[in-house]
**Student:** 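Pasting a structure below so you can have a look.
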2 protein chains.
Amino acid sequence: MNNLSQTNRERSVRNHNSNNHNQIAALYEEFISVTNTNVDIAKKMLQENQWNLQKALGAYFDTPNNGQASASNDELFEENRKFKLLSWNIDGLDMYALEVRAQGVIDVIKKERPDAVFLQEVIPCSLSQIQTHLPEYDVHLGNVQNYFVVILTRKATLTVQRLDLIPYPGSQMDRNLLIIHARYRNTVNIDLMTSHHESGTEENSSHERMEQLKLCFKKMFDAPSDHFVLFGGDLNMRQKELYKIGNVPAGIYDLWFANGKPTDCEYTWDMQLNTNKNFSMSASRPRARFDRLYFRPSSDGSIKFQPVGFELKGLDIIPSVQRFCSDHWAIQVSFSV
Amino acid sequence: MNNLSQTNRERSVRNHNSNNHNQIAALYEEFISVTNTNVDIAKKMLQENQWNLQKALGAYFDTPNNGQASASNDELFEENRKFKLLSWNIDGLDMYALEVRAQGVIDVIKKERPDAVFLQEVIPCSLSQIQTHLPEYDVHLGNVQNYFVVILTRKATLTVQRLDLIPYPGSQMDRNLLIIHARYRNTVNIDLMTSHHESGTEENSSHERMEQLKLCFKKMFDAPSDHFVLFGGDLNMRQKELYKIGNVPAGIYDLWFANGKPTDCEYTWDMQLNTNKNFSMSASRPRARFDRLYFRPSSDGSIKFQPVGFELKGLDIIPSVQRFCSDHWAIQVSFSV
DNA sequence: CCGCCTGCG
DNA sequence: CCGCAGGCG
Ligand SMILES: [Mg+2]
Ligand SMILES: [Mg+2]
């Protein structure tokens, strides 16, 4: 019996208690996490089953075409739980309809319910919106000058032990590496690292990016070996630069590759599809895989944490303002835990 | 007896003819070429020796400390003749005191008396000055739009057989390679090639420069093997780029290297010494060896053509306007012929 | 934070 | 034709 099973037991106890608001939210959380559905289905199934999670899950999976109905609920519990991480440069430097666009970001997070979120190019005004509208997350940040990176951790699943902020000494743009040392469901140590690496094509920026990336890879190895390490963000990375630093070190996995290199998720900054910037009349319509997520597994092989998905989010234009949330797409990875 | 000796004989014949202006100029030319002096000394010595070149040379070298007085005049003839080539980006895009600066360029050429001159960044207005004030040179050019490259050949020593203009297909700046197929003293075939390679540090410019340089090296090899080939100009070259294309091919010689890498002639574009641009208040004071000359010897080993000198010219500020002739220095190479 | 341009130090 | 900033398509 591994640590995750203990967590399940603990939660079963909670489920038999009173129906106050926090506990209903926890039931939704659990139902959605196991069934990979949404809050509407969770509400319906739980209401129909007297707010008993096991009964609601049983009823859901007994319905034909819902999940894998042949397995027992406990097995489904084990098999279907996901850890989700979403990373997004939300372009807080673009003032056009920023408040509406930031609300769009919040809506995506509410819908996706990732356990952790890496945000880049956040400005104070957007940060306030996030803190107001996403109370289900803890908000972690280093500096709050100009624009900055933020890590959100889902209160229900992650407890934060420590924060590290490592400035890049060579950065001309005040970029830094933000690290959150967290525990997932009180059992799994996960170090969450995000960064917004030096922008632009200039030689100095390119060189600085390589230094920043090398530092990050080193930090991933510096973490205790029994921790899982997730690092990524807007790395502004070019293939040549990765090649020049010797490609991704052994023991670290690019989660786009680990999830089968889905070609429809390749470009995270795509001026052929994203119209937030004025490239429509331009001769060049560049696109690139600037945003990436890397994974260093734990040395503890008994802990299940398998990459099972890579998706782009934020692909929809916001009708009211005819803008996307950002010039970058969000990238989201899932792990079977 | 090689071809150069024949040329000497031909000239001796000319020297006994009448004293019209052209022939006096030819006598000056010869005297200066052999003695490495200047027009004032040539005039004095020739006047004192009844315009007899042999007597004037004899008198000059019999004077203690003048040349190597122990050798015979004929030997000195052989030993001291030089072929000189000067290359200069004269910054015709800088309008500040351009006419005075172009006159400065003309003055340097008149003083140095190179057999051939490669000019880059010439504009029509400067071209007119050159044509007016340097009648001792033939002027060769391809396009005359915006700014362009020009080759000057000394009428007394070079006869031009053909001109080729090869546009660089990938250039964003209408750059091209200008080739003059010439004969030196009616005996030695010399192909003169100059170019102004793509400017700037951008990736596309850098890549285009490498393509341009590869084409030029190829053209140097395409010339008939019994020709000497001299190629160079403002190549805007970076060490990395030369490395990336595999360095200078075997059989081609960088004349700065061939002349012992004189460290005081390394930087041809030097914002630490040249004040034409506004770098005085700038944090960076860049300098580079942008201007280079390459040499492919003839397969005919009987023809003497040995690199014997590399110099910078145009190092003096013009007092009246407090500017240098150009933001580039001129580079000048000499061959013992 | 694409390429390219202009202007500044 | 240096690096960098700001603006444009
Ligand atoms: Mg951005
Ligand atoms: Mg120039």
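In the text below, chain A, chain B and the rest are named by the order of the sequence lines, each starting its count at 1. What you see below is based on every heavy atom in this structure, not just the backbone, and it leaves out hydrogens, waters and symmetry mates.
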**Student:** Rounded to whole angstrom units, what separation is found between the CH2 atom of A/W269 and the C1' atom of C/dG3?
**Tutor:**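 Taking CH2 of A/W269 and C1' of C/dG3, I get 10 Å after rounding.
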
**Student:** Residues two or more places apart in sequence or in another chain: which of them pass salt bridge (Lys or Arg N to Asp or Glu O under 4.0 Å) with A/E203?
**Tutor:**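 In terms of salt bridge (Lys or Arg N to Asp or Glu O under 4.0 Å), with neighbours along the sequence ignored, A/E203 is linked to B/K240.
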
**Student:** Between B/N236 and D/dC1, is there a contact of a side-chain N or O with OP1 or OP2 at under 4.0 Å?
**Tutor:**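 For D/dC1, OP1 or OP2 has a side-chain N or O of B/N236 closer than 4.0 Å.
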
**Student:** What's the separation between atom CG in B/L86 and atom CD1 in B/I109, rounded to the nearest 0.5 Å?
**Tutor:**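 It comes to 6.5 Å.
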
**Student:** Only one of A/F324, A/W88, A/F290 passes ring pair (Phe, Tyr, Trp, His ring centres under 6.0 Å) with A/W329; say which it is.
**Tutor:**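 Single pass found, and it is A/F324.
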
**Student:** Could you walk me through whether B/H140 and B/L192 pass side chain to side chain contact (heavy atoms under 4.5 Å, CB included), step by step?
**Tutor:** CA-CA 11 Å; B/H140 317 277; B/L192 302 163; over 6 Å; no

**Student:** Measure the distance from CD1 on A/I90 to P on C/dC1 and round it to the nearest whole Å.
**Tutor:**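 After rounding, the reported distance stands at 13 Å.
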
**Student:** Compare side-chain N and O positions of A/H328 against OP1 and OP2 of C/dC1 and report whether any pair is under 4.0 Å apart.
**Tutor:**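 Yes, A/H328 has a side-chain N/O under 4.0 Å of OP1/OP2 on C/dC1.
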
**Student:** For A/L93 and D/dG6, what is the distance between atoms CG and C1' respectively, to the nearest whole Å?
**Tutor:**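 Distance check: A/L93 CG to D/dG6 C1' gives 14 Å.
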
**Student:** Scan A/S205 against the nucleic acid and name what it touches under 4.0 Å (heavy atoms): base, sugar-phosphate only, or nothing.
**Tutor:**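 No contact at all - A/S205 keeps every heavy atom at 4.0 Å or more from the nucleic acid.
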
**Student:** Tell me: NE2 of A/H207 to P of D/dC4, nearest whole Å?
**Tutor:**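 These atoms are roughly 13 Å apart.
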
**Student:** With sequence neighbours excluded, give me every side chain to side chain donor-acceptor pair (under 3.5 Å) pair touching residues 252-264 of chain A.
**Tutor:**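 Matches after skipping sequence neighbours: A/D254-A/R289.
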
**Student:** For DNA chain C, find the residues of residues 97-105 of chain A with a heavy-atom distance under 4.0 Å and give them by number; none if there aren't any.
**Tutor:**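 Hits under 4.0 Å, by residue number: none.
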
**Student:** According to salt bridge (Lys or Arg N to Asp or Glu O under 4.0 Å), who are the partners of B/R323, at least two apart in sequence or on a separate chain?
**Tutor:**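 Counting only residues at least two positions away or on another chain, B/R323 forms no salt bridge (Lys or Arg N to Asp or Glu O under 4.0 Å).
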
**Student:** Scan side-chain atoms only and decide if A/H197 and A/N236 contain a donor-acceptor pair under the 3.5 Å cut-off.
**Tutor:**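 Absent: no donor and acceptor within the cut-off.
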
**Student:** With respect to B/R209, which candidate in B/E198, B/E202, B/E241 satisfies the salt bridge (charged side-chain N to carboxylate O under 4.0 Å, His left out) definition?
**Tutor:**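 With B/R209 as partner, B/E198, B/E202, B/E241 yield a single salt bridge (charged side-chain N to carboxylate O under 4.0 Å, His left out), made by B/E241.
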
**Student:** Let me know the distance between CE of A/M173 and P of C/dC1, rounded to the nearest Å.
**Tutor:**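 Rounded to the whole Å, the gap is 9 Å.
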
**Student:** Closer than 4.0 Å, any side-chain N/O of B/H196 to the OP1 or OP2 of D/dC1?
**Tutor:**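 For D/dC1, OP1/OP2 do have a side-chain N/O of B/H196 under 4.0 Å.
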
**Student:** Which whole number of Å gives the distance between the C1' atom of C/dC5 and that of C/dC1?
**Tutor:**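 It works out to 16 Å between them.
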
**Student:** Go through C/dC1, D/dC1, D/dC4 for me and flag the one nearest to the A/Q172 side chain.
**Tutor:**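 The listed nucleotide nearest to A/Q172's side chain is D/dC4.
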
**Student:** Identify, residue by residue, the members of residues 278-293 of chain A with a heavy atom below 4.0 Å from DNA chain D, and return them in order of residue number, or none.
**Tutor:**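 Within residues 278-293 of chain A, the residues near DNA chain D are A/N278, A/F279, A/M281, A/S282.
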
**Student:** For B/D107, enumerate each residue passing the salt bridge (Lys or Arg N to Asp or Glu O under 4.0 Å) test, keeping only those at least two apart in sequence or located in another chain.
**Tutor:**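 In terms of salt bridge (Lys or Arg N to Asp or Glu O under 4.0 Å), with neighbours along the sequence ignored, B/D107 is linked to no residue.
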
**Student:** Describe the nucleic acid contact of A/E121 in one word from base, sugar-phosphate, nothing, applying a heavy-atom distance below 4.0 Å.
**Tutor:**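 Sugar-phosphate contact only - A/E121 comes under 4.0 Å of backbone atoms but never of a base.
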
**Student:** Rounded to the Å, how far apart are A/M237 CE and C/dC1 P?
**Tutor:**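 To the nearest whole Å, that distance equals 13 Å.
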
**Student:** Rounded to whole angstroms, how far apart are CD on A/E208 and P on D/dC4?
**Tutor:**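 Result: 11 Å.
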
**Student:** Any side-chain to backbone donor/acceptor pair from B/N274 onto B/S326? Under 3.5 Å, distance only.
**Tutor:**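 Confirmed, B/N274 side chain pairs with B/S326 backbone.
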
**Student:** In whole angstrom, give the distance that lies between atom CE of A/M95 and atom P of D/dG7.
**Tutor:**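 Distance, rounded to whole Å: 14 Å.
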
**Student:** If you check every side-chain atom of A/D234, which of D/dC1, D/dC4, C/dC1 has the closest atom?
**Tutor:**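 Looking only at side-chain atoms, A/D234 lies closest to C/dC1.
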
**Student:** From the set C/dC1, D/dC4, D/dC1, return the single nucleotide nearest to any side-chain atom of A/N204.
**Tutor:**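 Nearest listed nucleotide: D/dC4.
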
